[in-house]
Amino acid sequence: MNIAWIYVALTSMFELVWIYSFNTATTWWQWIITIVFIFLDLHFLTKACESLPTGTVYAIFAAAGTVGTALMDIYIFHDSITMGKLIFMGLILIGVIGLKIADDLPNKKQQEVSS
């Protein structure tokens with residue numbers, strides 16, 4: 001696995017941590033920890049964009065944040081789950097997968113021409 005994909009996973013994870021912290025932080029030191037996670041998130045986002053297409057990285061980052069936050073609301077903060085939420089989260093995931101496939105197509109065509 002390419003290290004850049006690990007950076008994508010880390011930035012997505014840290015995004016969810018600091019979003020969770022926004023809902024739960026009450027003391028100054030909890031807010032300091034939240035700010036540290038924001039900086040870590042942005043650091044790994046920039047590292048991932050150095051090696052991967054920025055559009056793909058941002059799509060995954062945004063999708064993970066959106067779907068992860070919705071799931072966090074449902075499972076941690078006891079928000080209701082509806083069919084609409086599930087459908088639209090599925091559409092987000094389909095869109096991200098489609099972008100990744102579309103990014104890989106020019107590479108495959110180039111390899112076929114080179115062969």
Side-chain angles (χ1 to χ4, degrees):
M1 173 184 257
N2 187 342
I3 188 75
W5 288 109
I6 294 172
Y7 293 147
V8 172
L10 287 171
T11 191
S12 298
M13 181 188 68
F14 286 134
E15 181 181 23
L16 293 176
V17 170
W18 69 257
I19 289 172
Y20 174 80
S21 296
F22 268 20
N23 285 314
T24 59
T26 57
T27 62
W28 66 268
W29 62 269
Q30 290 172 329
W31 284 106
I32 298 286
I33 292 170
T34 301
I35 291 168
V36 168
F37 276 105
I38 291 171
F39 281 110
L40 285 170
D41 180 26
L42 295 175
H43 169 73
F44 287 117
L45 179 64
T46 57
K47 295 296 282 180
C49 288
E50 289 174 0
S51 303
L52 296 170
T54 302
T56 301
V57 171
Y58 188 74
I60 293 169
F61 169 77
T66 303
V67 173
T69 301
L71 292 173
M72 193 182 331
D73 283 344
I74 292 166
Y75 292 109
I76 296 175
F77 299 112
H78 309 294
D79 195 10
S80 62
I81 187 166
T82 64
M83 186 56 71
K85 285 181 184 179
L86 292 174
I87 290 169
F88 289 113
M89 284 189 279
L91 287 173
I92 290 170
L93 293 174
I94 290 168
V96 169
I97 292 167
L99 282 172
K100 173 62 178 128
I101 291 168
D103 273 347
D104 288 344
L105 287 178
N107 293 337
K108 288 182 181 178
K109 286 182 181 178
Q110 205 171 42
Q111 287 174 352
E112 289 174 5
V113 171
S114 302
S115 299

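Numbers here simply count residues along the sequence, with the first being 1. Bear in mind that the values here come from a model prediction, so they are computed numbers and not experimental data.
The salt bridge (Lys or Arg N to Asp or Glu O under 4.0 Å) analysis of residues 9-18, with sequence neighbours excluded, yields no pairs.
Taken together through direct or relayed side-chain contacts under 4.5 Å among Ile, Leu, Val, Met, Phe, Trp and Tyr, I35 and L42 form parts of separate hydrophobic clusters. Residues W28 and I33 are members of one and the same hydrophobic cluster, defined by side-chain heavy-atom contacts under 4.5 angstrom among Ile, Leu, Val, Met, Phe, Trp and Tyr. Note on I101: it does not cluster hydrophobically with L91, by side-chain heavy-atom contacts below 4.5 Å among ILVMFWY residues. Clustering ILVMFWY residues whenever any of their side-chain heavy atoms sit less than 4.5 angstrom apart, transitively, puts I97 in a cluster other than the one holding F88. Taken together through direct or relayed side-chain contacts under 4.5 Å among Ile, Leu, Val, Met, Phe, Trp and Tyr, V67 and V17 form parts of separate hydrophobic clusters.
The side-chain hydrogen bond (donor to acceptor under 3.5 Å, both in side chains) test applied to D79 returns K85, not counting sequence neighbours.
Taken to the nearest 0.5 Å, the CG atom of L93 stands 10.5 Å off from the CD1 atom of I60. Rounding to the nearest 0.5 Å places OH of Y20 at 5.5 Å from CZ of F77. In this structure, CD1 on I32 lies 12.0 Å from OG on S21, to the nearest 0.5 angstrom. Taken to the nearest 0.5 Å, the CH2 atom of W5 stands 13.5 Å off from the CG atom of L10. In this structure, the separation between CG on L52 and CD1 on I3 is 11.0 Å, given to the nearest 0.5 Å. Here the straight-line distance linking atom CG of L99 with atom CD1 of I94 works out to 12.5 Å at 0.5 Å rounding.
Partner of F44 under the ring pair (Phe, Tyr, Trp, His ring centres under 6.0 Å) criterion, out of F37, Y7, F39: Y7 alone.
In this structure the side chain of M89 reaches within 4.5 angstrom of the side chain of L71, judged on heavy atoms.
For the pair T69 (side chain) and T66 (backbone), a donor-acceptor distance under 3.5 Å is absent.
In plain terms, the two heavy atoms of A59 and V96 that are nearest each other are O-CG2, 3.5 Å. In this structure, V57 and C49 approach most closely via the heavy-atom pair CG1-SG, 3.7 Å. The two atoms that bring I19 and M72 nearest to each other are CG2-CE, 4.4 Å, heavy atoms only.
Taking the six-membered ring wherever Trp is involved, the centroid distance between the rings of F22 and W18 falls below 6.0 Å.
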Report the C-alpha distance between F61 and D41 in whole Å, list the side-chain angles of each, state the deciding distance to 0.1 Å, and finish with yes or no for side-chain contact (heavy atoms from CB on, under 4.5 Å). CA-CA 10 Å; F61 169 77; D41 180 26; 3.3 Å; yes

